[in-house]
*Asks:* 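Starting off with a structure, shown below.
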Amino acid sequence: MNALQLLIEENSFSAVASAFPCLVCADLAKRMPPELLKALLDAGCRMPPEEMTHFSSEQTKPVLPPAAHWLSGDWYLAPPATRSGSQAASRSLSLKLLQLVATDADTCQIEAVFRQDPVLAYHLLRLVNSLGVGVGRTISSFAQAILILGRQQLKRWLNLMLFAASRDDYRSAMLLARVAVRARTMELLAKAGGFDRAEQEYAFMAGIFSLLGILFGLPLAGILNPLHLNESLASAVLHHEGELGRLLQAVECSESADETRLIGLLGGLNLSIAEYNLLSLDAYRWMLGVILDQQDAVHA
């Protein structure tokens, strides 16, 4: 609890609580020391009435009771419903793009795939033009956009686009949030643990790839096989092996509130729970930026 108290005292915690609903459920509040609950509420967290929250781990789209405003649980980790033709085609093209980028294909091959999907094309051009590449200069060709963005950033962006919100998949918004936090937390853990920049990037990718099986509702090994991942990345994602695998284990322990095992894994990185909480908070702030960018694109 001391580590959580220190986190609450951070200005960045209050900033997140003011920008995004941070709720304390009634059941958790009953088990929490009164002074800690007060600190959370003072920092901007809210404790909605019990009837306003609904827990669900259903395998189908949950239905909120009339009085409920908030939905909790792992309902969004359920297998996907049958996808519409347009949604399946868009994600198939995104996966094809990932394969091309991962194998360092020619720009013309990558450009040809973008031409097949106007939604992906729109998001790419919007992203590049939002980077401020030059005063009075607008990027309107795919080749220019790919060159300016760079292969590594293009790969990162395509990974997130796989999880981007879709009208046809009720899980997408929550899956995007979950994968953004997981990937960014792993990247920050790698940085705090002294990993080099390439390994930090691999940590981010491992976080993304680890949830592709849930996204597609297919065996993860079959999805990753065409991507030709290097051995350390593939072993981490598929078998939780190696240094990257331990990072993934740490984040999964955090997600499942397995504090005892998390402390042990963090010890191998010479990190404390308090330090982990701070970098996890940074990951949530980064996730909010991803979500807001996605919402802007939807309403553009």
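We use all heavy atoms of the structure for the numbers below, so side chains are in, but hydrogens, waters and symmetry mates are not.
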*Asks:* Applying salt bridge (charged side-chain N to carboxylate O under 4.0 Å, His left out), name anything that partners Arg197, two or more places apart in sequence or on another chain.
*Replies:* Glu187, Glu201
*Asks:* Any salt bridge (charged side-chain N to carboxylate O under 4.0 Å, His left out) involving residues 44-54? Give me the pairs, sequence neighbours left out, ordered by first then second residue.
*Replies:* none
*Asks:* Listed by chain and number, what are the side-chain hydrogen bond (donor to acceptor under 3.5 Å, both in side chains) partners of Ser210, not counting sequence neighbours?
*Replies:* Arg182
*Asks:* Where is the tightest heavy-atom contact between Leu188 and Leu279, given as atom of each residue plus distance?
*Replies:* CD1-O, 3.3 Å
*Asks:* Which salt bridge (charged side-chain N to carboxylate O under 4.0 Å, His left out) pairs, counting each pair once, include a residue from residues 272-284, with sequence neighbours left out?
*Replies:* Asp282-Arg285
*Asks:* Would you find a donor on one side and an acceptor on the other, under 3.5 Å apart, between the side chain of Tyr76 and the backbone of Met174?
*Replies:* no
*Asks:* Restricting to pairs with a member in residues 237-247, which pass salt bridge (charged side-chain N to carboxylate O under 4.0 Å, His left out), not counting sequence neighbours?
*Replies:* none
*Asks:* How close do Cys253 and Leu265 get, heavy atom to heavy atom, and via which atoms?
*Replies:* SG-CD1, 4.0 Å
*Asks:* Testing the basics here: between Leu154 and Phe114, what is the closest heavy-atom pair and its distance to 0.1 Å?
*Replies:* CD1-CZ, 4.2 Å
*Asks:* Please give me the minimum heavy-atom distance between Ala43 and Ala17, naming the atom from each residue.
*Replies:* O-CB, 3.6 Å
*Asks:* Nearest heavy-atom pair of Ser12 and Leu281: which atoms, and what distance?
*Replies:* OG-CD2, 3.2 Å
*Asks:* Working note: Arg178 + Leu77, criterion side-chain contact (heavy atoms from CB on, under 4.5 Å); need CA distance, chi angles, decisive distance, verdict.
*Replies:* CA-CA 10 Å; Arg178 178 71 166 257; Leu77 299 179; 4.0 Å; yes
*Asks:* Tell me if the CZ atom of Phe204 is crowded by more than 12 foreign heavy atoms within 6.0 Å.
*Replies:* yes
*Asks:* Could I get the full list of side-chain hydrogen bond (donor to acceptor under 3.5 Å, both in side chains) partners for His69, not counting sequence neighbours?
*Replies:* none
